[in-house]
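Whatever order the structure lists ligands and atoms in, that order sets their numbers, starting from 1.
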Amino acid sequence: MKAIDIRRKYIEFFKRHGHKEIPSAPLIPENDPSVLFTTAGMHPLVPYLLGEPHPEGKRLTDYQKCVRTNDIEEVGDNRHLTFFEMLGNWSLGDYFKEESIPMSFEFLTKELNIPAEKISVTCFAGDDDCPRDTVSAETWKKVGIPEDRIYFYGKNDNWWIAGEEGPCGPDTEMFYDTGKPACGPECQPSCDCGKYVEIWNNVFMEYFKDKNGYRKLKQKNVDTGLGLERMTMILEDKETPFDTELFSPVMDKLEKIQKVDIIESRRIIAEHLRSSMMIIADGGKPSNLDRGYVLRRLIRRLIRHMNKLQIDLNELSTLIDINVENLKELYPELESNRENIKNTIIEEKDKFMKTLEKGEREFKKQISRLGNTKTIPGEVVFRLYDTYGFPPEVTRELANENSYEINIKEFEELFKKHQEKSKAGSEQKFKGGLADQTPETIAYHTATHLLNAALKIVVGKDAHQRGSNITAERMRFDFNCDHKLTPEEKQQLEDLVNKWIQEGIPVTKQEMTKEDAIKSGAECMFIEKYPDIVTVYSIGDISKELCGGPHVNNTKELGKFKIKKEESSSAGIRRIKAVLIKN
Ligand code: SER
């Protein structure tokens with residue numbers, strides 16, 4: 001079965017079971033400054049898992065593009081990918097284990113025709129935070145999975161949370177038995193030998209974790225994720241995702257044009273190329289910061305591996321075309337962005353080529369000075385990064401090829417210091433502050449607070465900020481609202497904001513505990529992401545928000561506020577674009 005058919009069947013199946021299909025969010029999250037990329041289908045749904053009503057109801061389904069980069073250096077083996085697609089279905093305080101498990105089982109066995117004997121499952125074994133998940137195990141037995149194919153594991157295997165804090169819970173995971181011989185008497189789904197492949201994960205999200213531990217959420221949710229690449233691999237009866245239709249055209253071409261034969265390098269090229277193309281299609285640009293830096297690393301690493309296989313770098317354009325043709329049915333955005341993707345990747349290649357050779361020479365010079373030690377100091381790794389644009393994994397690979405290690409810890413310390421200096425590291429954003437602090441962006445930032453307050457008066461007190469984006473030229477502001485704003489509403493918003501600007505209201509800043517801030521009624525977009533002590537900005541008694549700042553001292557500094565556009569951003573979310581006109 002082709003990937004597109006698996007996706008279609010999935011969405012249709014869950015629609016038949018009362019789910020509404022929601023669109024795939026972009027890879028670059030619009031409304032969450034705390035992460036680089038969308039990493040799971042649940043990601044854009046966090047506010048709804050926490051209890052906010054979703055405009056489409058309590059049963060949702062979608063296919064979601066995801067990028068996870070923590071395993072970037074593992075790519076090249078037979079399974080790791082940085083870009084993948086996750087098929088998902090959610091219950092937001094609706095059905096729970098007893099309904100979720102039979103649905104998954106039915107989809108696997110009836111829609112995809114996977115024999116039930118091939119499926120093993122795992123459940124949460126229980127600990128001090130959460131009891132043993134006997135309900136899931138019993139439900140699996142009821143649908144026909146015998147006890148000897150039901151395994152219990154602890155938090156390491158059967159608990160799911162995105163990062164350190166947030167909604168979470170025990171999960172039950174489904175594994176496909178490839179039929180390979182067991183690696184030993186102890187061989188189980190948790191084993192890495194390749195006999196079992198994890199195919200689907202149903203998370204029963206009824207907890208919330210923060211620094212103080214676990215507490216129950218208002219509602220019991222289900223969050224499931226099925227990896228499209230893995231499922232394609234199983235249904236096409238292939239050994240690795242690289243052998244499936246998703247990668248084979250590029251892999252075949254690489255085999256034809258390579259002069260040196262290294263399978264890991266071919267996989268790295270194919271994987272990083274697809275990932276880079278998807279990120280660029282969603283608006284990514286290579287840079288030395290945050291997501292731009294991830295993209296830069298992906299492109300530079302794939303270039304180095306093309307060199308390793310002695311492939312002419314002019315072939316990049318053909319490889320991109322092959323991917324566009326192969327994947328455009330799944331991702332039409334690749335076709336509409338083809339030229340941009342090509343230009344971006346080729347430009348980045350040209351930049352890297354200017355320093356690659358010199359950097360490799362520098363690398364050789366440095367290792368010849370090391371004497372007996374086999375570890376390259378972080379300082380050298382950093383210099384290669386800073387002067388020659390070598391991402392650390394490129395240096396690590398070079399080192400390993402010459403039987404050296406790199407001191408990655410030292411490198412990371414230097415890198416962090418460097419990013420702190422350049423002021424716009426991800427932590428800066430994490431605080432909710434402005435990365436780019438010019439008088440213009442600061443004024444726009446204060447204007448977003450005024451608009452947020454005005455919306456509560458004009459649209460309703462439940463209208464909250466869902467995201468914002470500020471440049472020196474304009475502001476963009478997303479908020480929840482179930483209708484297109486009328487011309488009168490827009491006028492009222494403008495009038496209110498301009499009235500407050502004219503009144504010359506002072507903007508004040510206070511530090512307090514997160515708890516006190518919430519009690520005082522301060523507005524906040526991602527409460528779980530703030531530290532214990534927070535800054536609260538008040539504008540007279542008009543607005544009070546948790547915020548990293550900075551802001552102007554008085555509203556009279558803002559100029560005239562004008563709404564340029566009001567449009568839909570996604571389901572239930574409206575977007576206002578506005579400017580400040582200098583007096
Ligand atoms: N959030 C879970 C995962 O990423 C299930 O969707 O696996």
Does the Lys NZ or Arg CZ of Arg7 fall within the cation-pi geometry relative to Tyr63 - under 6.0 Å from the ring centre and within 45° of the axis? yes
Is the charged tip of Arg132 near the ring of Phe152: under 6.0 Å from the six-membered ring centre and within 45° of its axis? yes
Sub-3.5 Å donor-acceptor pair from the side chain of Gln188 to the main-chain atoms of Tyr196, do we have one?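 Answer holds: no.
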Listed partners of His464 passing ring pair (Phe, Tyr, Trp, His ring centres under 6.0 Å), at least two apart: none
Quick one: are the ring centres of Trp140 and Tyr151 less than 6.0 Å apart? no
Atom-level proximity to ligand 1, residues with heavy atom under 4.0 Å: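 Answer by chain and number: Ala40, Met42, Arg68, Met86, Trp160, Asn201, Val203, Asp223, Thr224, Gly225.
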Any side-chain heavy-atom pair from Lys65 and Asp282 closer than 4.5 angstrom? yes
